[in-house]
Protein chains: 2
Amino acid sequence: MEKEVTIYDIAKQLNLSPATVSRALNDHPSINSNTKELITAKAAELGYRSNAFASNLRRQRTNTIGVIVPRLNSHFVSSVLSGMEKVANERGYNLIISQSQESVKKEKASAKTMFNGRVDGLLVSLAYDTEELDHLDVFIKKGIPLLFFDRVSTHTKATSVVIDNVKAGYDATAHLIEQGCQRIMHVTGNLKRNVYTDRLKGYKLALIDHNLPYDESLLMITDMSREAGIDVAQQISNMYNKPDGLFITNDLCAVSCMAALKKESFRIPQDIAVVGFNDDPVAQVIEPNLTTIHYPGEEMGEIAAQSLINHLNGLVNIQTTNTIVLHFELVVRESSVRTTG
Amino acid sequence: MEKEVTIYDIAKQLNLSPATVSRALNDHPSINSNTKELITAKAAELGYRSNAFASNLRRQRTNTIGVIVPRLNSHFVSSVLSGMEKVANERGYNLIISQSQESVKKEKASAKTMFNGRVDGLLVSLAYDTEELDHLDVFIKKGIPLLFFDRVSTHTKATSVVIDNVKAGYDATAHLIEQGCQRIMHVTGNLKRNVYTDRLKGYKLALIDHNLPYDESLLMITDMSREAGIDVAQQISNMYNKPDGLFITNDLCAVSCMAALKKESFRIPQDIAVVGFNDDPVAQVIEPNLTTIHYPGEEMGEIAAQSLINHLNGLVNIQTTNTIVLHFELVVRESSVRTTG
DNA sequence: TTGTAAGCGTTATCAG
DNA sequence: CTGATAACGCTTACAA
């Protein structure tokens, strides 16, 4: 295990001061281009690698961004992370990723780790049941920029990157109505989370705009799991006045529900038309293919990381752009299209 | 933005030396339990947080583990990462995650970042076409432990966590043979990667053991994408002597292939029985449900992280346990089961 | 059990 | 354009 090369070694060998070496290695403007060349050459020759800790310690920043997500193993989340990683990497930042596993407790622990790890900024998508945001206040107090994405906070005034969930909910519902559905069931998640409340709002608005009544018995709050999907199918099957449309705000849940409905010999979309949310790969596998809201995960990740980094570099003040809203798209597939109304 | 509290502040307020404070905060054995209590109390009171950089700089270790994966947005990979994150988090390590996007070039860049980031150890799953491993040699030279998982290196002598891909390939193929298949097509990925060569070996062995000929025209090397799946279906459809069994080493690819075959009115499993690999969520959505090899992603991540951390803490020497082989399971579903042989 | 003091490798400030 | 020097906050011999 060879000894680490430092700027002192380079300096000594070239009869320069460490300060000059440091400057050369950091593209400082006021440095002679010849000396710079010499230094970079020597650095390469000696196999020098910069010591990030020393640098961080001195500069009081880490070039590290913390990311807290509800869970890692979801198609949407991993797309987001992929986008974040791309951008962060390009711009010389590292990502420290942590999952809350949908639990506030774990989310708090993650936040603490990030805080102690002195991340330069934090990207957060909230857990299922987070209410208080005290664990994130410390960041704000310390002036560490905080940016929410997807599952954002409605209380804290932090920048967030989202889609227009109200409109998405509206579009999904309106689409079902246009297909002739009159009784549309809405299956969604914990209403503490903006994504679910907003989609519900959209659902209600679409009903109103099309002169359909809002029937509370057609709203189901679930944990959006596959089991929940099966459960929903069961309940529908037991209903006297069955729905003829189904808007489920998660494709995985929607797909398991469809499979269960099919077992009960419901015809999709004739008996019941279905719309999901996320455009997960399963949407194109289930038969009939699932109509869903396409939701730009990778792009969301890129933009979130981009914004945070721009802010960190003083290019843009994150506080001024308070919410970034991305486009989404209703992708119509067979699960919802009725040939006749 | 308040000033950071340091051990000096604590020391001053308690009339102690910073050394004592440091020791107390690190559970040093030779420290008076009373003073220790005093110190921890004061630390809490002042909102002290340890500065990892100063500590790292001093101790020459980072408590950070680097992870390089081919891509982030795959079900399998995100399960692995989820497992790694759990373990790392429990044991006080951070994860720096980077994706090679299946390109050697990007993989090299990632390795360099990790190297400069002075990770304590590295967990790697190789990109599609990586051949030379020079970019990883630097870690070995520096004595930084390197552990491969899933897509491992056959050359470098580093610990790896895998499943027995030969056996998995064998089991999948044997299962098809037991279902009466005589001409089994094998669709797989770049043979530079152990996972694919080994599965091919298993395929060949199963054929031999069951007295079936190995027909090179039934081997297809693809990029395992969905498009590849469609392409395979097309080719099968154009073949004169069609296969009656299909072993595709990736569920996503298998599923798109099945969908395409169904469009060409192949009956699955009657005309062609299909086995996939990975047990991706889509396997349980496609109809008929896909028989596949279940592959413990989360567990693989946990074990990989566990082993590396144990090694870092001197509990186990990683060099002694050279390969950790996990169990897999052939999950039989409808896509391969023929009522009569 | 506690204190002293050196040093980890950078970078920012100031001076030249 | 370059150099000297003082931090950054922590750990660890060594000494007391």
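Each chain gets a letter, A, B and so on, in the order the sequences are listed, and its residues count up from 1.
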Any [X] side-chain N or O less than 4.0 Å from OP1/OP2 of [N]:
X      : N       : result
T35(B) : dT2(C)  : yes
T20(A) : dC1(D)  : no
S22(A) : dT10(C) : no
Q60(A) : dA7(D)  : no

Nucleotide [N], atom [atom2] - distance to [atom1] of [X] in whole Å:
X      : N       : atom1 : atom2 : value
L57(B) : dA6(C)  : CG    : C1'   : 13 Å
I7(A)  : dG3(D)  : CD1   : C1'   : 13 Å
N51(B) : dC8(C)  : CG    : P     : 18 Å
E37(B) : dT1(C)  : CD    : C1'   : 16 Å
H28(A) : dC1(D)  : NE2   : P     : 10 Å
K12(B) : dT2(C)  : NZ    : C1'   : 19 Å
N56(A) : dT11(C) : CG    : C1'   : 12 Å
R49(B) : dC10(D) : CZ    : P     : 11 Å

Less than 3.5 Å apart, any donor N or O on the side chain of Q60(A) or R118(A) sitting next to an acceptor on the other?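 No, R118(A) and Q60(A) have no side-chain donor paired with an acceptor closer than 3.5 Å.
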
For residues Q99(B) and S110(B), is any side-chain donor paired with an opposing acceptor at under 3.5 Å?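 No pair is found: no donor N or O on one side chain lies under 3.5 Å from an acceptor on the other.
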
Give one of base, sugar-phosphate or nothing for [X], where a contact means two heavy atoms less than 4.0 Å apart.
X      : answer
T6(A)  : sugar-phosphate
S55(A) : sugar-phosphate
Y8(B)  : base
S30(A) : base
I31(B) : sugar-phosphate

On a heavy-atom basis, which atom in F53(A) and which in N56(B) lie closest, and how many Å separate them?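 Distance-wise, the nearest heavy atoms are CE2-ND2, 3.4 Å.
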
Could you tell me whether the side chain of R58(A) has a donor or acceptor atom within less than 3.5 Å of a complementary atom in the base of dT10(C)?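 For R58(A), whose side chain was compared with the base of dT10(C), there is no donor-acceptor pair (under 3.5 Å).
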
Among the nucleotides [options], which one has an atom lying closest to any side-chain atom of [X]?
X      : options                  : result
A54(B) : dG9(D), dT12(D), dA7(D)  : dG9(D)
R59(A) : dT11(C), dT2(D), dT12(D) : dT11(C)
R23(B) : dT12(D), dG9(D), dT2(D)  : dT12(D)
L16(A) : dC1(D), dT12(D), dG3(D)  : dG3(D)

Residue met sooner reading DNA chain C from 5', once N26(A) and S33(B) are mapped to nucleotides: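 Counting from the 5' end, the first nearest nucleotide belongs to S33(B).
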
List the steps, then state whether side chain to side chain contact (heavy atoms under 4.5 Å, CB included) holds for T40(A) with L25(A). CA-CA 7 Å; T40(A) 43; L25(A) 261 19; 4.2 Å; yes

Measure the acute angle between the ring planes of F115(A) and F139(A), then classify it against the limits of 30° and 60° as parallel, tilted or perpendicular.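 F115(A) and F139(A): perpendicular rings.
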
Using side chain to side chain contact (heavy atoms under 4.5 Å, CB included), reason through R151(A) and N194(A) one step at a time and then give a plain yes or no. CA-CA 6 Å; R151(A) 302 236 202 121; N194(A) 65 303; 4.3 Å; yes

